[in-house]
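A short worksheet on the structure shown next.
One is the number of the first residue; the rest follow in order along the sequence. Atom set for the values below is all heavy atoms of this structure, side chains included, hydrogens, waters and symmetry mates excluded. Nothing here was measured: the structure is a model prediction, and the numbers come from that model.
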Amino acid sequence: MNNPVKPKEPLVTHIYTADPSAHVFEGKIYIYPSHDLDHDGPSNDNGDQYAMEDYHVLSLDNFQSPCVDHGEALHLRDIPWAKQQLWAPDAAFKNNTYYLYFPAKDKDDIFRIGVATSPSPAGPFKPQDSYIPGSFSIDPAVLVDDDNRAYVYFGGLWGGQLEKWQTGTYQPDAAGPSGNEPALGPQVAELNDDMLTFKSAPQEISIVDENGSPITAGDEDRRYFEGPWVHKYNGYYYLSYSTGTTHCLVYAMSKNPMGPYEFKGTILTPVIGWTTHHSIVQFEDKWYLFYHDSSLSGGVNHKRSVKYTELKYNEDGTIQTIDPYK
Ligand code: FUB
């Protein structure tokens with residue numbers, strides 16, 4: 001672990017890591033990944049194979065330095081409301097406090113979003129007694145905007161249960177739209193200044209094509225599946241996400257953090273492994289994509305490794321497509 005991490009190589013190899021949310025805090029790059037576990041449990045479309053139980057925080061002083069694993073930052077046993085499956089987390093800084101946002105299934109097997117706090121970006125993080133009231137589904141990603149307002153984006157289909165919340169309450173048997181019906185978008189909620197509660201009920205983000213028509217559920221190359229991330233570049237908000245069944249990272253742009261967002265294109269073509277999940281961060285004068293694949297485990301879907309590579313914009317603000325293996 002003493003050598004610099006090369007682009008498109010695993011950041012660490014002593015543990016499996018996935019779903020990287022990268023931020024620059026205190027002049028360093030901090031990465032908040034899921035911590036994948038090796039196990040012989042069931043594997044299915046419900047995502048039972050993603051049976052993670054804790055989080056480790058990683059950091060890089062810069063892209064010439066080795067990656068540091070700061071050890072266990074939060075464990076399932078310490079989260080009073082959570083039963084299982086610590087999935088993709090994110091972190092934010094405000095009020096002189098670091099906040100870790102994470103999804104987990106509650107005691108009724110319903111995914112909720114929790115928050116834990118720390119005075120240090122490396123943790124350890126102390127969880128709140130309960131999940132964020134009104135939260136549901138998975139994959140929280142938080143944007144603290146230039147005006148200091150904070151937004152949490154979240155939601156995932158299938159095992160992420162987003163389809164089950166279309167009425168505003170949990171419907172265990174609800175199916176999502178199909179064919180030419182508008183696809184479900186991710187959810188967004190503005191956070192109160194305490195960063196622990198929603199200012200108002202989450203609302204769905206609309207993703208439209210170049211003509212302003214909603215992306216449809218059958219358009220699996222472009223429709224939202226999971227893993228939202230929002231960053232800002234040249235005055236535009238970029239919403240990027242996984243297309244799930246077609247295994248790409250794609251993006252859409254807007255002038256408003258709550259959308260609607262106009263679909264633009266592909267950021268990352270498919271990686272080895274079923275899931276693809278990412279974050280985008282600026283460090284000094286360059287932009288970077290953090291993502292994962294299952295190459296280190298020889299393609300085992302639930303044994304993934306976090307990687308990074310440089311991300312480049314075209315003059316018109318569109319993003320150049322990256323091939324993870326070239
Ligand atoms: O890591 C578990 C789940 O797999 C995440 O929450 C999804 O985004 C997918 O990467």
Side-chain angles (χ1 to χ4, degrees), residues 1-12 17 19-33 57-70 89-94 96 98-99 120-122 141-151 153 227-241 248-257 261-262 264-269 271 276-293 305-326:
M1 280 220 296
N2 290 324
N3 296 323
V5 182
K6 293 191 188 126
K8 301 186 178 178
E9 296 289 335
L11 283 191
V12 293
T17 56
D19 308 326
S21 292
H23 292 274
V24 177
F25 292 139
E26 302 179 359
K28 298 183 190 179
I29 305 137
Y30 279 88
I31 302 109
Y32 300 86
V57 177
L58 308 177
S59 73
L60 298 163
D61 283 356
N62 52 56
F63 288 100
Q64 286 74 52
S65 64
C67 185
V68 176
D69 175 358
H70 295 272
D90 190 20
F93 177 69
K94 198 170 161 172
N96 271 323
Y98 291 90
Y99 298 87
S120 163
V142 174
L143 172 77
V144 180
D145 209 345
D146 303 328
D147 59 6
N148 225 23
R149 292 169 74 172
Y151 304 87
Y153 302 84
W229 185 260
V230 173
H231 76 280
K232 257 177 119 172
Y233 176 76
N234 277 353
Y236 279 91
Y237 296 85
Y238 289 67
L239 165 67
S240 40
Y241 55 92
C248 283
L249 293 176
V250 299
Y251 73 105
M253 292 167 61
S254 180
K255 279 284 188 186
N256 186 319
Y261 282 83
E262 184 182 323
K264 288 292 174 183
T266 299
I267 297 175
L268 188 74
T269 54
V271 293
T276 186
H277 190 119
H278 75 300
S279 58
I280 293 169
V281 67
Q282 183 178 18
F283 183 70
E284 298 173 343
D285 58 348
K286 290 184 175 173
W287 287 82
Y288 296 89
L289 175 76
F290 283 78
Y291 62 102
H292 70 225
D293 77 3
S305 300
V306 167
K307 301 179 166 187
Y308 78 91
T309 191
E310 193 179 340
L311 175 142
K312 293 181 179 159
Y313 299 90
N314 296 309
E315 293 236 320
D316 63 0
T318 55
I319 292 174
Q320 295 180 9
T321 303
I322 297 165
D323 181 323
Y325 303 108
K326 272 195 189 144

Using every non-hydrogen atom in the two residues, find where [X] and [Y] come nearest and quote the distance to one decimal.
X	Y	result
Q320	N314	NE2-OD1, 3.0 Å
V271	H292	CG2-O, 3.5 Å
L143	Y237	CD2-CE2, 3.8 Å
V5	P10	CG1-O, 3.6 Å
Y233	G317	CE2-CA, 4.5 Å
P121	V57	O-CG1, 3.8 Å

Atom [atom1] in [X], atom [atom2] in [Y]: separation rounded to 0.5 Å?
X	Y	atom1	atom2	answer
Y291	K8	OH	NZ	6.0 Å
L60	I29	CG	CD1	5.0 Å
S65	K28	OG	NZ	8.5 Å
C67	D61	SG	CG	10.0 Å
L11	T17	CG	OG1	6.5 Å
Y98	E26	OH	CD	3.5 Å

I'd like to know whether the aromatic ring centres of [X] and [Y] sit less than 6.0 Å apart in this structure.
X	Y	answer
F63	Y308	yes
H231	Y238	yes
Y153	Y241	no

When you measure from the side chain of [X] to the backbone of [Y], do you find a donor-acceptor pair of N or O atoms at a distance under 3.5 Å?
X	Y	value
S279	P20	yes
K94	N148	yes
N62	Q64	yes
D90	S21	no
W229	H278	no

field: Name of the residue among V250, I319, L249 meeting side chain to side chain contact (heavy atoms under 4.5 Å, CB included) with L268
entry: L249
- request: Give the intermediate values and the outcome of side chain to side chain donor-acceptor pair (under 3.5 Å) for residues Y313 and N234.
  value: CA-CA 11 Å; Y313 299 90; N234 277 353; over 6 Å; no
Side-chain heavy atoms of [X] within contact of [Y], under 4.5 Å:
X	Y	result
P228	L239	yes
S59	H70	yes
I280	S240	yes
P257	V230	no
F290	V281	yes
Y325	T269	no

statement: The complete set of salt bridge (Lys or Arg N to Asp or Glu O under 4.0 Å) pairs with one or both residues in residues 312-326, sequence neighbours excluded, reads D323-K326
task: Report the C-alpha separation of K264 and E262 in whole Å, then their side-chain angles, then the decisive distance to 0.1 Å, and conclude whether the salt bridge (charged side-chain N to carboxylate O under 4.0 Å, His left out) test is met.
output: CA-CA 6 Å; K264 288 292 174 183; E262 184 182 323; 3.6 Å; yes
- prompt: Taking only residues two or more places apart in sequence, or in another chain, which ones meet D285 in a salt bridge (Lys or Arg N to Asp or Glu O under 4.0 Å)?
  reply: none
Set of salt bridge (Lys or Arg N to Asp or Glu O under 4.0 Å) partners for K255, sequence neighbours left out: none
message: Within a 6.0 Å radius of atom CG on N96, are there more than 12 heavy atoms belonging to other residues, nucleotides or ligands?
response: no
